[in-house]
Amino acid sequence: MRIRIADIATYDGQQITIQGWLHNRRSSGKIHFLIVRDGTGFVQTVMSKAAVGDEAFTQADHLSQETSLSVTGTVRADARARGGYEIDVTQVEVHGAAHDYPITPKEHGVDYLLDRRHLWIRAERQTAILRIRHEVIDAVRDFLNSRDFILCDTPIFTPAACEGTTTLFPVQYFDDTTAFLTQSGQLYNEANAMALGKVYCFGPTFRAEKSKTRRHLTEFWMVEPEMAYADLNDVIELAEGLIVSVVSRVLDRRRQELEVLERDVSKLESIQAPFPRLTYDRAAQLLKDHGQPFAYGTDFGGTDETVLSEQFDRPVCVTHYPSRIKAFYMQPDPQQSDKALCVDMLAPEGYGEIIGGGQRLDDLDLLRERIEAHGLPQEAFDWYLDLRRYGTVPHGGFGMGIERCVAWICKLEHVRETIPYPRMLHRLYP
RNA sequence: UCCUCGGUAGCUCAAUGGCAGAGCAUCCGGCUGUUAACCGGAGGGUUGCUGGUUCGAGUCCAGCCCGAGGAGCCA
């Protein structure tokens, strides 16, 4: 019977076959220990000379790391084995040999591993991270779907800058036309929300920033919900609900992976709504109280964000930034017109901004004014202005970066391990 | 673009300006309960590149190439 290693506990005492790859091998003369992985988990198989005969035993002594093989044997509970079960081998069938597998059980450098990312993802730690990434994405979709959001994806080839400020990747789009890879689906999302009420897009986004930090990729995945007839408070509550839901889902279904990563889960268990809210002004005061050299009126730097988030045991929402340091489409606060109805959610433990969003500007004339003030080409936004010409409503939404969220939940040093094939300033291979 | 650090065996790293080393990996041998197993042996080097200083450079100097961390910008 062919089984998955993840299900081994239900086959105690039975003869089974697993199909996988040799992860490691230890030997003790008349007994071999073959550690096998199959994508669902790892198991120690035990091969004794007496059980398999001289020939098979000698052959097994030469099996190398990552050889693909099928192992048949009897499942047996054993406290000495990691996972509580091991397999007494009766037969091993080799499918493909692996000579000089480059990723050995010892340490390797970052560059070396990234050059072999297609193999590195076989490592236990990497598979744990990628499973958690899957769970985060699945939880995000379930959360939004269950609240009647319609998935309505936005284009990746775009004709112009969405926000005009950040650097875009140009691509040739037939003849003399230049297209740009999207850096946000937001403007299209707003149009979609006017059609469907509550929508979200989920896909890759591209930023040609020459950033070299642990928080940046040039290609990353972002989920962006957008709601018609919604204000800043609705946006914040949605963002809170999403994060609480995602974290509890990972705690619920990916305990084992968090354990592999040696994640302190108590830090995740305290992620409950409501999250603390701070206005930009209060945040600035807080930074001043903590002796941070922060200039009022500017955006927070990486260290500022870390200092702010360290004051709380859960994500903190910073609202009402000065309009002039935010995108052109932010709705001004009616109480203080120089402030925007926006929100940035900063993850705990120094992981920085994981969500950014707010209420969108819904007045046609003011939006025109802002586009001009930001030096953006009016004609490129003509279709976008139509949304204010034909039945404008208060609306808002946000974007959540999947990789930063996963990096935080897994407590990783760098976002590069949260995506199978990271794209960075110096990394386009493999 | 700027600042800091780094580049030596397949990998991770040592080496006062004075014989190029260790662990792991590979190969050979030993061991019936190993947990990155262990023990013995063997093979394995254009010290990132170019030039300079010096009796002598992996080491010091200059330039270049490549990478990492950070700043700015952002999710």
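Numbers restart at 1 for each chain; the letters A, B, ... are given by sequence-line order, proteins then strands.
- Using N1 to N3 plus N6-O4 or O6-N4 for Watson-Crick, or N1-O2 and O6-N3 for G-U wobble, each under 3.5 Å, B/C55 pairs with B/G18.
- In terms of polar N and O atoms assigned as donor or acceptor, the side chain of A/His216 comes within less than 3.5 Å of the base of B/C73 in a complementary pairing.
- At the heavy-atom level, A/Arg125 lies nowhere under 4.0 Å from the strands shown.
- Listed nucleotides: B/A75, B/G33, B/C11. Nearest to the side chain of A/Tyr112: B/C11.
- Comparing the P positions of B/G21 and B/C31 gives a spacing of 33 Å, expressed to the nearest Å.
- One can find a donor-acceptor pair under 3.5 Å joining the base of B/G72 and the side-chain atoms of A/Ser211.
- Distances shown here put every side-chain N or O of A/Arg427 at or beyond 4.0 Å from the OP1 or OP2 atom of B/C66.
- Listed nucleotides: B/G72, B/U34, B/A75. Nearest to the side chain of A/Arg207: B/A75.
- Remark: the separation of the C1' atoms in B/C39 and B/A15 is 27 Å, to the nearest Å.
- Shown here, B/C24 forms a base pair with B/G10; the pair counts as Watson-Crick or G-U wobble because both key distances fall under 3.5 Å.
- Note on ring orientation: taking the six-membered ring where Trp is involved, the planes of A/Phe381 and A/Phe328 are perpendicular (angle over 60°, cut-offs 30° and 60°).
- Using Watson-Crick or G-U wobble geometry with both donor-acceptor distances under 3.5 Å, B/G67 finds its partner in B/C5.
- Summarising the geometry, the separation between CZ on A/Phe206 and C1' on B/A75 is reported as 14 Å, rounded to the nearest angstrom.
- If you check every strand for non-hydrogen atoms under 4.0 Å, A/Lys49 touches nothing.
- In this model, a donor atom of one side chain and an acceptor atom of the other lie less than 3.5 Å apart for A/Gln311 and A/His290.
- Using a 4.0 Å heavy-atom distance criterion, A/Glu403 is classed as making no nucleic acid contact.
- Across all strands shown, B/G29 forms a Watson-Crick or G-U wobble pair with B/C39, both key distances being under 3.5 Å.
- At a threshold of 4.0 angstrom between heavy atoms, the contacts of A/Arg404 include nucleobase atoms, whether or not backbone atoms are also involved.
- Counting distance only, with no hydrogens placed and no angle test, the side-chain atoms of A/Glu413 and the base atoms of B/G69 include no donor-acceptor pair under 3.5 Å.
- Going from the C1' atom of B/U8 to that of B/C49 covers 15 Å, rounded to whole Å.
- Taking the C1' atom of each, B/G17 and B/C55 are spaced 12 Å apart, rounded to whole Å.
- Taking a centre distance below 5.5 Å and an interplanar angle below 30 degrees as the stacking criterion, A/Phe220 stacks against the six-membered base ring of B/A75.
- A/Arg116 contributes no side-chain N or O that forms a donor-acceptor pair with the base of B/C11 under 3.5 Å.
- For A/Arg416, taking side-chain heavy atoms from C-beta onward, the closest of the listed nucleotides B/G33, B/G69, B/C73 is B/G69.
- Between A/Arg37 and A/Glu66, at least one side-chain N (NZ, or NE/NH1/NH2) sits under 4.0 Å from a carboxylate O, which counts as a salt bridge.
- Using a 4.0 Å heavy-atom cutoff across all strands shown, A/Ile355 reaches sugar-phosphate atoms only and no base atom.
- Of the listed nucleotides (B/U34, B/C74, B/A75), B/A75 has the atom at the smallest distance from the side chain of A/Glu353.
- No engagement by A/Gly352 is indicated, since no non-hydrogen atom pair under 4.0 Å with the nucleic acid exists.
- Listed nucleotides B/G67, B/U26, B/G33 differ in distance to A/Asp111; the shortest reach to its side chain belongs to B/G67.
- A straight line from CZ of A/Arg25 to C1' of B/C27 spans 12 Å, rounded to a whole angstrom.
- In this model, the phosphate group of B/G67 is approached by a side-chain N or O of A/His426 to a distance below 4.0 Å at OP1 or OP2.
- Among the heavy atoms of the strands, none lies under 4.0 Å from A/Glu219.
- Atom C1' of B/G10 sits at a distance of 35 Å from the matching atom of B/U53, rounded to the whole Å.
- Side-chain proximity of A/Met222 to the nucleotides B/A71, B/G33, B/A75 is greatest for B/A75.
- At a threshold of 4.0 angstrom between heavy atoms, the contacts of A/His414 are confined to the sugar-phosphate backbone, with no base atom among them.
- Using a 4.5 Å cut-off on side-chain heavy atoms (C-beta onward), A/Val140 and A/Tyr200 make no contact.
- B/U46 and B/U16: their C1' atoms are spaced 26 Å apart (whole Å).
- The aromatic rings of A/Tyr280 and A/Tyr296 sit perpendicular to each other, their planes meeting at more than 60°, with 30° as the lower class boundary.
- Among the nucleotides B/U34, B/U1, B/A68, the one closest to the side chain of A/Val110 is B/A68.
- If you check B/U26, B/A36, B/A75 against the side chain of A/Asn24, the one that comes closest is B/A36.
- The residues A/Glu349 and A/Lys411 are annotated as salt-bridged, a charged nitrogen and a carboxylate oxygen being separated by less than 4.0 angstrom.
- Note that CZ of A/Arg147 and CG of A/Leu242 are 8.5 Å apart. Values are rounded to the nearest 0.5 Å.
- With both ends at atom P, the span from B/G33 to B/G48 equals 46 Å, rounded to whole Å.
- A/Ser27 comes within 4.0 angstrom of a base, heavy atoms only.
- Between A/Ser64 and A/Thr213, it is A/Ser64 whose nearest contact on RNA chain B lies nearer the 5' terminus.
- Distance CG (A/Asp115) to P (B/G10): 16 Å, rounded to an integer number of Å.
- When all heavy atoms of A/Asp38 and A/Arg4 are compared, the pair lying nearest together is OD2-CA, 3.5 Å.
- Of all nucleotides present, none satisfies the Watson-Crick or G-U wobble test against B/U34 with each distance under 3.5 Å.
- Residue A/Asp299 is classed as a sugar-phosphate contact, given heavy-atom separations below 4.0 Å to backbone atoms only.
- A cation-pi arrangement, defined by a distance under 6.0 Å to the six-membered ring centre and an angle within 45 degrees of its axis, is present between A/Arg116 and A/Tyr112.
- Comparing the C1' positions of B/C65 and B/G29 gives a spacing of 45 Å, expressed to the nearest Å.
- Comparing B/G72, B/C73, B/U32 by their closest approach to the side chain of A/Glu209 singles out B/C73.
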